[in-house]
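All values reported here derive from a predicted model rather than from experimental measurement. When a residue number appears, it is its place in the shown sequence, counting from 1.
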Amino acid sequence: MSNTQIASAEVLVTSPGRNFVTLRLHTADGVMGLGDATVNGRELAVVSYLRDHLAPLLLGRDAHAIEDTWQYLYRGAYWRRGPITMAAIAAVDTALWDIKAKLAGMPLYQLLGGRSRRGCLAYGHASGADLPQLFDSVRSHLEQGYAAIRIQTGIPGLDSVYGVATSPNAGASRYDYEPARPTVAPVEEQWDTRAYLRHIPGVFEAVRAEFGPELPLLHDAHHRLTPIQAARLGKALEPYDLFWLEDVTPAENTAVLRRVREHTTTPLAIGEVFNTVWDYRELFEEQLIDYVRSPVTHAGGITALRRIFDYASVYQIKSGVHGPTDVSPVGLAAALHLGVAIPNFGIQEYMKHSPATDEVFRPTYTFAGGLLAPGDEPGLGVDYDDEVADAHPYSAAYLPVNRLKLDGSMHDW
Ligand code: EZ4
Ligand code: CO
């Protein structure tokens, strides 16, 4: 009998261009598992939760008991849900699945039911301050092999807008590459909803005219609209056949999506800031959305996200997992193992990590023919190089905040 007791739990922080929080577990026999616990802009809160509160509880537990450990940490906290708690539980759960798959000698997707598809259709982020820059960015994504593309553009009258590269040729320092900035306080951006609503339909009309009807196109409204504004945008974009319109309204009040749904057949995606299946209950049962945005990292791990996807499948709702750079290669690998296995896979966001990040985590997933596929070695197929990681110490960074251009009021970013 091998000794599968958890013998060590280390909380690792590295910043190869951006911050990542990683949990590394070892069994007594030396089998290693990794979990991603990165919460963008609030990283050290999860470090403390894991290091001060969960790590001591894990030592001596059987690494095989994944479900029991999940329930122990979730019910045992008493304080349920919340991004910090659920990211910490996600890291433990993911690391335990990594260990179990290594002990089984199989890539993780085999334990999740086996392969259902060759790979996960991935979408990339094209952006431009104006149409010529946007078209260049779309072309460059097509050349890189993307078969689905998110479109974000500058808005006339606004200096900078979510998701748009400030300098399209700036490589790894591009704004759409990394929205968090290493500043002591959040950068303040300006917003004007009327200008945005006037501008966006024309952008999609131009993109369709240039690139044709076939290419799947997506757009992220990033929680900025009221229900009736969101309904208007969804309706205005119908002629351009979007794959989805994301986060049209702030995520707390999911019931407002009834109003949006009444007015438009543009598919809706939401959930990158959700933490649990409970956030989705009303959305699923009333069929108010088409895609689930939760990543493994922020929704309590593989155990919890798989349960969310199964529930979604009852309503023909599909996965559309969040894949920005702040979900680490560990979190992305976990999503890909789930993505190739589940019956209701939809699409996977793929923002690509920096070369420095991939040197730390050495992911074995591949991107070819528009599809992302998990590696075939036992476990998640991700590693952690301490020497490279330690050369990139934590550095405080924040996501921007938004103020209305009109009068400086705080708005949703
Ligand atoms: O703003 O990951 O769809 N992608 C997004 C991201 C989020 C960041 C927040 O950490 O909305 O760019
Ligand atoms: Co988003």
Side-chain angles (χ1 to χ4, degrees), residues 13 15-21 38-46 82-84 87 125-131 133-134 137 150-200 203 219-227 229-230 233 245-253 256 270-274 293 298 322 324-327 349 351 354 394-413:
V13 184
S15 192
R18 70 156 352 281
N19 293 315
F20 294 108
V21 178
T38 309
V39 175
N40 207 1
R42 297 293 186 270
E43 294 87 354
L44 300 184
V46 202
I84 306 302
H125 289 191
S127 77
D130 53 24
L131 285 180
Q133 284 182 19
L134 174 64
S137 176
R150 188 182 89 158
I151 299 291
Q152 307 290 137
T153 65
I155 307 297
L158 297 180
D159 295 337
S160 68
V161 178
Y162 165 76
V164 180
T166 42
S167 166
N169 300 316
S173 64
R174 281 168 55 151
Y175 173 60
D176 62 346
Y177 181 78
E178 183 44 72
R181 320 277 180 84
T183 46
V184 291
V187 168
E188 299 205 350
E189 295 183 343
Q190 281 182 340
W191 183 246
D192 178 342
T193 304
R194 294 186 69 228
Y196 168 78
L197 290 174
R198 277 196 306 275
H199 188 64
I200 291 296
V203 169
H219 180 68
D220 191 347
H222 222 260
H223 324 277
R224 291 167 187 207
L225 308 177
T226 64
Q229 289 167 340
L233 181 63
L245 184 56
E246 174 180 341
D247 287 343
V248 281
T249 51
E252 297 95 327
N253 187 355
V256 302
I270 200 166
E272 66 182 49
V273 304
F274 290 176
R293 288 286 290 149
H298 301 136
H322 197 203
T325 41
D326 48 287
V327 166
E349 184 178 22
M351 229 174 131
S354 67
Y394 168 80
S395 138
Y398 287 95
L399 290 168
V401 296
N402 237 355
R403 288 188 185 278
L404 293 185
K405 188 177 177 187
L406 180 74
D407 66 359
S409 310
M410 286 298 303
H411 192 66
D412 303 286
W413 180 75

Ion pair check, Arg181 and Glu188, cut-off under 4.0 Å = no

Looking only at heavy atoms, what is the nearest atom pair of [X] and [Y], with distance?
X: Glu246; Y: Asp220; result: OE2-OD2, 2.9 Å
X: Ile155; Y: His199; result: CD1-CD2, 4.0 Å
X: Tyr394; Y: Ser15; result: CA-CB, 4.1 Å
X: Pro179; Y: Trp413; result: CB-CH2, 3.8 Å
X: Arg18; Y: Ala180; result: NH2-CB, 3.7 Å
X: Ala87; Y: Val46; result: CB-CG1, 4.1 Å

Under 3.5 Å, side chain of [X] to main-chain N/O of [Y], donor-acceptor pair present?
X: Gln229; Y: Pro227; value: no
X: Lys405; Y: Glu189; value: no
X: Thr183; Y: Pro186; value: no

Taking atom [atom1] of [X] and atom [atom2] of [Y], what is their separation to the nearest 0.5 Å?
X: Leu399; Y: Glu178; atom1: CG; atom2: CD; result: 8.0 Å
X: Ile200; Y: Thr153; atom1: CD1; atom2: OG1; result: 4.0 Å
X: Leu134; Y: Gln152; atom1: CG; atom2: CD; result: 9.5 Å
X: Asn19; Y: Thr38; atom1: CG; atom2: OG1; result: 8.0 Å
X: Phe274; Y: His322; atom1: CZ; atom2: NE2; result: 13.0 Å
X: Ser127; Y: Gln133; atom1: OG; atom2: CD; result: 8.5 Å

Is the closest side-chain heavy-atom distance between [X] and [Y] below 4.5 Å?
X: Arg150; Y: His219; value: no
X: Leu233; Y: Tyr196; value: yes
X: Gln190; Y: Leu404; value: no

Would you sort out whether Val203 and Ile151 count as a side chain to side chain contact (heavy atoms under 4.5 Å, CB included), showing the intermediate values?
-> CA-CA 9 Å; Val203 169; Ile151 299 291; 4.0 Å; yes

Do Arg224 and Trp191 meet the cation-pi criteria used here (NZ or CZ under 6.0 Å from the six-membered ring centre, within 45° of the axis)?
-> yes

Could you check Glu272 against His222 for side chain to side chain contact (heavy atoms under 4.5 Å, CB included), going step by step and ending with a plain yes or no?
-> CA-CA 10 Å; Glu272 66 182 49; His222 222 260; 4.1 Å; yes

Worked verdict on Tyr398 versus Val184 for side chain to side chain contact (heavy atoms under 4.5 Å, CB included) = CA-CA 8 Å; Tyr398 287 95; Val184 291; 5.9 Å; no

May I ask you to check whether Glu349 and His125 show a side-chain donor-acceptor distance below 3.5 Å?
-> yes

In sequence, state the C-alpha distance, the side-chain angles, and the governing distance for His411 and Thr193, and then conclude on side chain to side chain contact (heavy atoms under 4.5 Å, CB included).
-> CA-CA 10 Å; His411 192 66; Thr193 304; 4.1 Å; yes

